[in-house]
Amino acid sequence: MEKQNKVGLNRRQLLLGVAAGSLTLGLGGSIGRAFGQDQQLVFWSQFAGSKRVAGEALEAAFKEAHPERNLVSTLYAEPPQLNEKILTSINGNTAPDLFVQHWDYNLTYAAADRMLDLGEALSVSMDDLDPSLLAYGHINGAQYSVPMYGTSRGIGFNRAHVVEAGLDPENPPKTWAEFRDWAIALTKRQESGFLERAGFSLFHNDLEAWEVFTIFLQGAGGKLLNDDLSAPSFAGPEGVKALTFLKGLLIDDRVSDLGFGLGPGGLASPFNTARAAMIIAGNYSTNNALRAGIEFDVAPIPMENGGFTSLVDPFCYAIPRDAKNIEGAVAFVEFALSPEQQVAFAVESKNVPVLKSAQQDPAVQADPYLSKFVETASYAPQEAPAIPAFSRMVTIIARAVQEAMFGRASVEDALTAAAAEVQIILDRG
């Protein structure tokens with residue numbers, strides 16, 4: 001027996017019901033076919049920036065493959081802009097049939113029980129999708145969003161600087177000790193102490209402060225939350241070890257300066273102006289680095305004593321539970337998750353496809369940068385801090401990292417205070 005979805009219909013019943021409803025509109029089905037062609041499939045897209053060309057190609061391919069479906073797409077430049085529209089539309093019962101949005105926003109919508117369980121609505125096997133990316137759409141026992149793609153994190157480094165420092169770019173660090181040696185060797189200071197080049201530029205904003213701490217927390221064997229996501233675990237011995245190591249790079253080894261590079265991004269960032277030799281990099285780092293003339297390369301992020309870790313960050317499809325054209329929305333998502341479309345989108349946008357077979361496709365593996373981010377994605381945990389309050393947790397942890405770095409609190413005190421704040425948020429649900 002097929003599972004029941006949130007609208008009380010399994011997928012087969014849903015499709016049969018739509019077909020039956022269409023046929024009752026006219027003898028012989030001619031009016032029913034006209035209705036199917038005229039019914040709009042309203043899609044709100046966040047495939048902006050580097051994803052825009054790939055998104056437009058996906059929509060064009062869907063229209064060609066399904067001329068009977070009237071796809072109406074609206075592009076939104078930023079996730080917060082789309083979030084405002086979605087919140088308003090959900091509250092006013094005017095939501096689109098389908099949207100693609102950053103994963104943490106989707107959790108907020110799902111928490112209000114307004115999204116369809118895609119694990120039951122889609123015919124696509126969830127086992128065929130990358131579990132690390134998929135974990136970010138799973139909450140309260142259901143799959144309320146499904147990724148189209150994700151970014152992953154690696155060590156981005158300037159090959160020219162590495163060679164100049166007498167290091168081997170083909171043999172990047174495999175432990176924290178080796179990473180520290182690289183960071184020290186890559187740092188350049190004048191006799192006065194003025195920093196000419198950071199060996200490792202730690203972070204430039206709150207999100208990056210959270211990311212670098214989380215990555216090294218994982219590298220020490222820890223994680224942000226406990227198994228059932230009911231309590232923070234980042235303030236334990238693994239978190240203390242991670243933040244102590246990062247603080248040591250900054251204060252003791254002086255591989256960067258406090259506040260170095262805060263604010264500037266894109267082509268003006270320290271890495272893209274050749275003032276930093278290593279960063280935590282994502283897929284999005286590639287284009288700007290190459291445009292700036294940097295000899296860019298990517299390596300996996302080492303754990304403390306060997307092995308690798310990473311983070312993934314997906315953008316996900318979601319379908320409102322009360323959407324007018326659920327059947328059409330399901331058809332679009334299934335089309336987008338097909339091997340051909342997953343490969344095409346990944347190659348054009350340089351993002352990691354969620355379909356596991358697409359990750360290993362020859363066209364994806366032939367891309368020198370995309371293939372490396374596919375590899376780093378494989379080191380990400382298969383669990384995710386999938387809670388609606390994720391963005392508030394990021395801010396709290398980022399503040400703790402910076403308070404420890406700037407000496408306003410000890411590492412232990414900063415993390416303990418942050419954990420207490422996060423616990424209050426978790427207790428509120």
Going through the checks in order, is the side chain to side chain contact (heavy atoms under 4.5 Å, CB included) test met by His138 and Met126?
-> CA-CA 11 Å; His138 194 84; Met126 297 295 111; over 6 Å; no
Start with the C-alpha distance between Phe99 and Tyr76, add both sets of side-chain angles, then the distance that settles ring-ring contact (aromatic ring centres under 6.0 Å, His included), and finish with yes or no.
-> CA-CA 10 Å; Phe99 56 84; Tyr76 292 88; over 10 Å; no
Using 30° and 60° as the class limits, which term best fits the ring planes of Phe43 and Phe332: parallel, tilted or perpendicular?
-> tilted
Is there a donor in the side chain of Ser45 and an acceptor in the side chain of Ser73, or the other way round, less than 3.5 Å apart?
-> no
Rounded to the nearest 0.5 angstrom, the SG-OH distance for Cys316 and Tyr149 is 9.5 Å
Hey, are Arg52 and Glu56 close enough for a salt bridge, meaning a charged N less than 4.0 Å from a carboxylate O?
-> yes
Do Asp127 and Lys356 sit within salt-bridge range, that is, some charged N less than 4.0 Å from a carboxylate O?
-> no
Worked verdict on Trp210 versus Phe390 for ring-ring contact (aromatic ring centres under 6.0 Å, His included) = CA-CA 11 Å; Trp210 170 83; Phe390 168 78; 5.2 Å; yes
Give a yes or no on whether the backbone of Pro300 and the side-chain of Thr376 come within a donor-acceptor separation of less than 3.5 Å.
-> no
Is it true that Asp257 and Arg189 have a side-chain N and a carboxylate O under 4.0 angstrom from each other?
-> yes
State whether a side-chain donor-acceptor pair under 3.5 Å links Tyr109 with Asn83.
-> yes
When rounded to the nearest 0.5 Å, the distance separating CG of Leu290 from CD of Glu295 is 10.5 Å
